[in-house]
There are 4 protein chains.
Amino acid sequence: MRRRDGKKEQAIFDAAIRLITANGFADTSMSKIAKAAGVSPATIYVYFENKEDMLNKTYSHVKREMASALANGLSPELSVAEAFKVIWYNFFNYTLDNSVKFSFTEQFANSPIVDRVRKEEGMSYFLPLLAWFERGIREKVFRNISMELFAAFAFAPVMALAKQHNCGEVVLDEKTLKTAFDVTWSAITR
Amino acid sequence: MRRRDGKKEQAIFDAAIRLITANGFADTSMSKIAKAAGVSPATIYVYFENKEDMLNKTYSHVKREMASALANGLSPELSVAEAFKVIWYNFFNYTLDNSVKFSFTEQFANSPIVDRVRKEEGMSYFLPLLAWFERGIREKVFRNISMELFAAFAFAPVMALAKQHNCGEVVLDEKTLKTAFDVTWSAITR
Amino acid sequence: MRRRDGKKEQAIFDAAIRLITANGFADTSMSKIAKAAGVSPATIYVYFENKEDMLNKTYSHVKREMASALANGLSPELSVAEAFKVIWYNFFNYTLDNSVKFSFTEQFANSPIVDRVRKEEGMSYFLPLLAWFERGIREKVFRNISMELFAAFAFAPVMALAKQHNCGEVVLDEKTLKTAFDVTWSAITR
Amino acid sequence: MRRRDGKKEQAIFDAAIRLITANGFADTSMSKIAKAAGVSPATIYVYFENKEDMLNKTYSHVKREMASALANGLSPELSVAEAFKVIWYNFFNYTLDNSVKFSFTEQFANSPIVDRVRKEEGMSYFLPLLAWFERGIREKVFRNISMELFAAFAFAPVMALAKQHNCGEVVLDEKTLKTAFDVTWSAITR
DNA sequence: TATGAATGAGCCTTCATTCAT
DNA sequence: CATGAATGAAGGCTCATTCAT
């Protein structure tokens, strides 16, 4: 008996992300995903319970990868300011380098298709970053605001710009990026 | 000969916004919209060419209404600072009072379903507000940044918070709102 | 109160013949016919009971016209041979000059859509021509065969050629026509 | 993995031929064909791309069978006269024994529904018979006329009579058949 | 495990016909 | 008489999922 084939699962993930991002969840049939992944439609049901389960697992998969990317280069020796800068640029770079995956997750940010449980699970991957925020408050580097407010001002503008960049509506060069960071910094610090 | 019934069209708009926001575009059948609007499925095709056309026209309809709400209370005598405050609070209030319509438009912000033409048309309704931004730059109230950067920092955080509020993840009381405005203001001004 | 408008009825006939010939009966909607005829769909129901009735009446209309065309130039003084030649060429010319109407009737020759009653009515218009056949038998010009056999050999080949001509598969020049007539003549005469 | 079931395809062919001949193409729904064939509507789409493709393939299927029937009993030793007689009677017998299939093909002889490609493919099955015609010309048995004229006079009357027979308008007994053949023979020979 | 065949349910859309003016 | 709006019914087709191998 063959074991589950990790490569097949990965191929299904990749095909699903690509097709769903391009055409939307409902307009992406299991057959198309199967064909793009090089497997039979029935094979998908070996790895996932059903279409919704496949989406949820794919969503988690991407979110975990994304959270991991954000933490890249962080170390306890860094100052809060340095750490924030690292995270902020990591975020920007991830969205630009992985625009398809980024768009994929954004598509479900306000959608009822991905269930609440998975979304919270997705959030949880980012919790380690939260420690930096709390330290920033304690050290009186950041404004004394709630985490939600902080996140909204620290990352929502980045995401908005990244989306526009991926659509080709805006060009984000080195200088613009620096300006964006400066504005962000002046918003969240005392 | 019967005349076209504006009430029917409005009923279709309302039903479409409500159902599509709740279940997504693809999972909202024309039959369900028709039933919710109290008309026959075929009647929808009297007012719209097809499902996609219905979505596009509904999108425009909502965007126009939204832009109109944002301009409420504006007058040329206001200072830039006053005008911005009016617009910002108008925006916040609209998203809170019309959470369904706001979610509806957000659902298509990064989706290929609503066509580019309609999105640009939707944008155009907001152009009058642009004049205030340009005046703010001229008067050296705002930072000297591009309109895209400005919009990202002035409104993306509001939208992020509004979404969380509508999901029940965050409570936006008077005080929080004031804080949010202050942070925004410190971000975009010199 | 206005009386029924013959021009409208004629316009409906013309549109129906043209569209049904081009696209078939079932693929020609009442709305399309109405639009092509420059009237409202509801207006068609002033002149006809329903779609089937419209087809049947159109069919009769064309058949009567066709029978009339075949008799053109006939007169009692002609010999049987002369009369047959007139009819045969009339038939040929009609099919070539009125290829759309000819195709229209052919479309229903073996179809259950036009009812039996109308088909027999259509046949009846051709009865006057039958007298010439009987006279030809009596005068021992024609073979002593049944009317059905006679019709099959006298006209079926012409129709087959006319159809091919209208499809562009065959070119019928003067010389070919004469040959065709000669072959026909040698088939049906003693 | 299940294998494709030739019996299912044949059942679909049979049901389609029967129903389309009786009610016409447009008035024969895929559901009805499926039910008559004892399969699910969706199953038809396993074997055919769409309704039109199903019709085209069914048409080809019948044409091939028909051409095969016409060649039954032919052998190179036969004289042209003998061979023609064999073919002619084969044709007649086929139309009488397979009146439904014959009507089926006739229904599309002058219709744009079956595409040109399929019609030419259908024609091609009859090409082997063409050799006999050419030999008949060479041996100066047949008149020196084009193939189209030959076909029109050799077979169009047969077809016309067969149709009337199938409608019950004419009875074709042994003697009538012989007469028909004699008339045909006198038409096409010198 | 892996797969292509098979399917019942459902969707978008069209249409012949009627309604109301 | 004339008409555009309105509609219930039906059709072609797709799809998520299961079957049988």
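These numbers come from the heavy atoms of this one structure, side chains and all, not from hydrogens, waters or symmetry mates. Lettering follows sequence order; numbering is per chain, from 1. No experiment lies behind these values; they were computed from the predicted model shown.
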Residue whose nearest DNA chain F nucleotide is more 5′ - B/Arg3 or D/Arg2: B/Arg3
Toward the 5' end of DNA chain E, by each residue's nearest nucleotide, A/Ser40 or D/Ser40: A/Ser40
Residues forming a salt bridge (charged side-chain N to carboxylate O under 4.0 Å, His left out) with C/Asp27, sequence neighbours excluded: none
Ring pair (Phe, Tyr, Trp, His ring centres under 6.0 Å) contacts in which one or both residues fall within residues 3-22 of chain D, not counting sequence neighbours: D/Phe13-D/Phe48, D/Phe13-D/His61
Strand contacts (DNA chain F) in residues 4-21 of chain B, 4.0 angstrom heavy-atom criterion: B/Arg4, B/Asp5, B/Lys8
Set of residues satisfying salt bridge (charged side-chain N to carboxylate O under 4.0 Å, His left out) with respect to D/Glu65, sequence neighbours excluded: D/Lys101
Ionic contact status for D/Arg18 with D/Asp14, cut-off 4.0 Å: no
Side-chain heavy-atom pair A/Tyr47, A/Lys57 within 4.5 angstrom cut-off: no
Among F/dA6, F/dT3, E/dT3, the nucleotide that comes nearest once only the side chain of B/Thr43 is considered: F/dA6
Where at least one partner belongs to residues 30-45 of chain B, residue pairs that pass side-chain hydrogen bond (donor to acceptor under 3.5 Å, both in side chains), sequence neighbours excluded: none
5'-most by nearest nucleotide on DNA chain E - B/Pro41 or D/Gly38: D/Gly38
With sequence neighbours excluded, residues passing side chain to side chain donor-acceptor pair (under 3.5 Å) with D/Lys51: none
Under the salt bridge (charged side-chain N to carboxylate O under 4.0 Å, His left out) test, residues paired with C/Glu52 that sit two or more places apart: none
Separation of F/dA16 P from A/Ile113 CD1 (nearest whole Å): 12 Å
With sequence neighbours excluded, residues passing side chain to side chain contact (heavy atoms under 4.5 Å, CB included) with D/Asp115: D/Asn56, D/Val117, D/Arg118
Spacing of D/Phe104 atom CZ and D/Met66 atom CE [to the nearest 0.5 Å]: 10.0 Å
Dot-bracket notation for DNA chain F, counting Watson-Crick and G-U pairs under 3.5 Å, with | for partners on another strand: .||||||||||||||||||||
Strand-adjacent residues in residues 44-56 of chain D, judged by heavy atoms under 4.0 Å from DNA chain F: D/Tyr45, D/Asn50, D/Lys51
Residues forming a salt bridge (charged side-chain N to carboxylate O under 4.0 Å, His left out) with B/Glu9, sequence neighbours excluded: none
Gap between atom CG of B/Asn23 and atom OG1 of B/Thr28 - 0.5 Å precision: 5.0 Å
Value rounded to 0.5 Å, distance of CG in B/Leu55 from CZ in B/Phe25: 5.0 Å
Any residue of residues 22-36 of chain D with a heavy atom less than 4.0 Å from an atom of DNA chain F: D/Thr28, D/Ser29, D/Met30, D/Lys32
